[in-house]
Novice: 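Just dropping this structure here.
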Amino acid sequence: MKKCLRCTKQATLHITELKNGKSLSLHLCETCAQDYLSTVEVGGVPDEFTQPISMGNLPAPPSSHPPISNTKECPKCGITFKQFRSQGRLGCPHDYVEFYDDLLPLIESIHGETQHVGKIPPKAPDSSRRQLELIRLKNELKVAIDDEKYELAAQLRDQIKTQESEMEDETT
């Protein structure tokens, strides 16, 4: 069993961070892991955290990133962003709206993107693929109308009509 990087307790959490293209493994006990999650910012591990130091001397978050608002609280469930960082779970669906500015860079650093594009099974029939494309176009049309981008909306409307007529021709 591994010992905690920060103290002498047994490590119960093993974190692998990518820093400058290199993998960095952190083995932490529960207490040190909570301290780590509350001090680390999106974008990397502070250099000081990779070397054992006393618990009372934890590093401050890096100043190159905007500070995460740990005191912001969800009015629906009462969870704070700091609690989310330590638990790894949000309290309710409203938290995505409440912590949007803090979650966006976190999601982007984890997934590389901030918008889910989904997957289509490789053996899905062409009709399913076309149906999904039609749904995507209709969603884009709605957004374009909401954003008052009427030229784009007209182009999307024409694409939708073309797609629907092609699908209609196939069924007859």
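What you are looking at is a predicted structure, and each value in this text was computed from that prediction instead of being measured.
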Novice: I want to check something: taking the side chain as every heavy atom from C-beta on, are Thr80 and Lys72 in contact at a cut-off of under 4.5 Å?
Specialist: no
Novice: Between Glu168 and Lys161, is there a salt bridge with N-O shorter than 4.0 Å?
Specialist: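 A salt bridge is absent here (no side-chain N lies under 4.0 Å from a carboxylate O).
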Novice: Please report the shortest heavy-atom distance between Gln83 and Gly78, naming the atom on each side.
Specialist: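 Minimum heavy-atom separation between Gln83 and Gly78: OE1-O, 3.8 Å.
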Novice: Same cluster or not: are Val97 and Leu90 linked, directly or through other Ile, Leu, Val, Met, Phe, Trp or Tyr residues, by side-chain heavy atoms under 4.5 angstrom apart?
Specialist: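 No, because Val97 and Leu90 fall into different hydrophobic clusters, even though each may have its own neighbours under 4.5 Å.
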Novice: If hydrophobic clusters are built from ILVMFWY residues whose side chains come within less than 4.5 Å, do Val143 and Tyr96 share one?
Specialist: no
Novice: Just by distance, do the side chain of Asp95 and the backbone of Cys92 share a donor-acceptor pair under 3.5 Å?
Specialist: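 Answer holds: yes.
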Novice: So which atom in Ile79 and which in Gly91 form the shortest heavy-atom distance, rounded to 0.1 Å?
Specialist: CD1-N, 3.8 Å
Novice: Do you know the tightest heavy-atom contact between Gln163 and Arg130?
Specialist: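 Gln163 and Arg130 have their closest heavy atoms at NE2-O, 3.3 Å.
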Novice: Do His94 and Cys77 have side chains that approach each other closer than 4.5 Å (heavy atoms only, starting at C-beta)?
Specialist: no
Novice: Ignoring hydrogens, what is the shortest heavy-atom contact between Phe84 and Leu103? Give both atom names and the distance.
Specialist: CE2-CD2, 3.6 Å
Novice: Give the cluster check for Met167 versus Leu132: same hydrophobic cluster or not, with ILVMFWY residues linked at side-chain heavy-atom distances below 4.5 Å.
Specialist: no
Novice: Indicate the atoms forming the closest heavy-atom contact of Leu141 with Ala153, along with that distance.
Specialist: CD1-O, 3.2 Å
Novice: Grab the two heavy atoms, one from Arg85 and one from Leu106, that are nearest each other, plus how far apart they are.
Specialist: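 That would be NH1-CD1, 3.9 Å.
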Novice: Surrounding CD of Glu30 (heavy atoms of other residues, nucleotides or ligands, distance under 6.0 Å), is the total greater than 12?
Specialist: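 Atom CD in Glu30 is not packed in, count stays at 12 or less.
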Novice: Taking Leu137's backbone N and O only, do any of them form a donor-acceptor pair with Gln159's side chain (distance below 3.5 Å, no angle check)?
Specialist: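 Answer holds: no.
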Novice: With the side chain counted from C-beta on, respond yes when Cys32 and Lys9 share a heavy-atom pair under 4.5 Å apart, and no when they do not.
Specialist: no
Novice: In Å and rounded to the nearest 0.5 Å, what is the CD1 to CD1 distance from Ile135 to Ile160?
Specialist: 11.0 Å
